[in-house]
Amino acid sequence: MADVLRSLRLGGRGDPARACALALGAEGVALSLLVGSGRTPEPLWCHPEVSARFEELQFTLGEGPGPDAVRTGSPVMEPDLDRVRPDRWPALLPPARDMGVHGVCCFPLGIGAIRVGVLTVLCDGDRTMSVQQSTDATALAAALTGALLNGNGDGNSGPVLGMFLDRPTGLHRAAVHQATGMISVQLGVTMEESLLRLRAHAYSSERPLGEVADDVVARRLRFSDNDDSSDDDNSGNGNGFDDDTNGPYSPGDGKG
């Protein structure tokens, strides 16, 4: 971890997520930044691929150790998901286990009430996090926080960030932001409720949130204010969503 932090200061090059995972002895590591007025987690880097899928799962459901860490401003340490109460994250726990995630520890990036991101560490099969691992992860989160808050304010955080915080060329969640706004107009509700509706549909259809958002933006899927499953309106599907496609909606292919 000392080498990783040194590389952070000197602006090294390479795969930062892989370097951090190796230094921490973790199954995976992910870093997300909070962007926009809704403080949406924007993925910056992940290693390996299961880390990216777990971040997407948390974002789709809006629950998990990452959202809790951001909300409370304190680390959320659950190295053994089998010991977590089922009612704590009821929607997240089953699919997390299915994808092979044994335990998760999340460290918020921020100072006081300021939140700038979250560092997610996937624990290995031993379902433990040692004192040294926790200390190293805390030091990494603090270093990343300092680097982000000390940026030069022009969208480029300066050479101190090096390989660790190269800004993404575009927002991965852009479609989600746009879809949330469209649903807000369609239903005449707040942006917060719009995002809840979008998440509910993603969860019920067992699809990633970004995939559903793409359908909304492409006008393959339109939300209505009719949530009555007994409604027989031909323009809706009885679940508060309208299909603007010429054929049956296929939740698996993302094409409508």
Side-chain angles (χ1 to χ4, degrees), residues 1-36 38-61 64-67 69-70 75-76 96 99-110 115-124 129 133-134 136-152 154-177 208-211 213:
M1 182 53 65
D3 290 338
V4 168
L5 296 177
R6 187 178 304 110
S7 183
L8 170 62
R9 292 193 300 271
L10 298 178
R13 288 290 181 265
D15 184 343
R18 183 175 183 275
C20 290
L22 289 174
L24 291 170
E27 285 291 300
V29 172
L31 174 66
S32 293
L33 306 184
L34 303 179
V35 301
R39 312 307 290 153
T40 302
E42 185 71 27
L44 196 58
W45 41 248
C46 304
H47 176 83
E49 193 266 340
V50 66
S51 298
R53 289 194 289 124
F54 182 75
E55 287 291 275
E56 185 66 26
L57 177 65
Q58 290 193 105
F59 180 61
T60 296
L61 300 177
V70 171
V76 176
M99 66 175 61
V101 175
H102 306 294
V104 186
C105 297
C106 292
F107 301 81
L109 274 59
R115 309 276 191 275
V116 295
V118 60
L119 176 69
T120 299
V121 179
L122 303 187
C123 301
D124 62 21
M129 174 167 271
Q133 286 175 309
S134 178
D136 287 345
T138 300
L140 177 60
L144 294 171
T145 297
L148 284 167
L149 294 179
N150 289 328
N152 58 25
D154 64 357
N156 182 354
S157 294
V160 69
L161 300 182
M163 67 175 183
F164 285 82
L165 294 176
D166 287 339
R167 298 285 181 162
T169 56
L171 296 179
H172 293 79
R173 313 289 195 196
V176 175
H177 294 291
L209 189 63
E211 192 176 285

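None of the values given here were measured: they were computed from a predicted structure.
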Going by salt bridge (charged side-chain N to carboxylate O under 4.0 Å, His left out), name the residues that satisfy it together with Glu56, two or more places apart in sequence or in a different chain.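 Result, salt bridge (charged side-chain N to carboxylate O under 4.0 Å, His left out) vs Glu56: Arg173.
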
Which residues share a salt bridge (charged side-chain N to carboxylate O under 4.0 Å, His left out) with Arg115, sequence neighbours left out: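 Salt bridge (charged side-chain N to carboxylate O under 4.0 Å, His left out) list for Arg115, sorted by chain: empty.
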
Minimum heavy-atom separation for [X] to [Y], with atom names?
{"X": "Leu119", "Y": "Leu144", "answer": "CD1-CD1, 4.4 Å"}
{"X": "Ser134", "Y": "Phe107", "answer": "O-CE2, 4.2 Å"}
{"X": "Gly64", "Y": "Pro67", "answer": "O-CD, 3.3 Å"}
{"X": "Leu122", "Y": "Ser51", "answer": "CD1-OG, 3.5 Å"}
{"X": "Gly210", "Y": "Val176", "answer": "CA-CG2, 4.1 Å"}
{"X": "Leu109", "Y": "Ala141", "answer": "CG-O, 3.8 Å"}

Given Val121 and Gln133, is the side-chain contact (heavy atoms from CB on, under 4.5 Å) satisfied, shown in steps? CA-CA 10 Å; Val121 179; Gln133 286 175 309; over 6 Å; no

Decide yes or no for [X] and [Y]: does some side-chain heavy atom of the first lie under 4.5 Å from some side-chain heavy atom of the second?
{"X": "Cys105", "Y": "Pro75", "value": "no"}
{"X": "Asp136", "Y": "Leu140", "value": "no"}
{"X": "Leu57", "Y": "Met99", "value": "yes"}

For His102, what residues pass the side-chain hydrogen bond (donor to acceptor under 3.5 Å, both in side chains) criterion, not counting sequence neighbours? Arg127

Per-pair distances, 0.1 Å, donor-acceptor, side chain in residues 18-35, under 3.5 Å, sequence neighbours excluded:
unit_1, atom_1, unit_2, atom_2, d
Ser32, OG, Glu55, OE1, 2.8

In chain order, what residues pass the side-chain contact (heavy atoms from CB on, under 4.5 Å) check against Pro65, with sequence neighbours excluded?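 Testing Pro65 for side-chain contact (heavy atoms from CB on, under 4.5 Å), a comparison that skips the adjacent residues, returns Phe54, Gln58, Val76, Trp89, Leu92, Val104, Cys106.
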
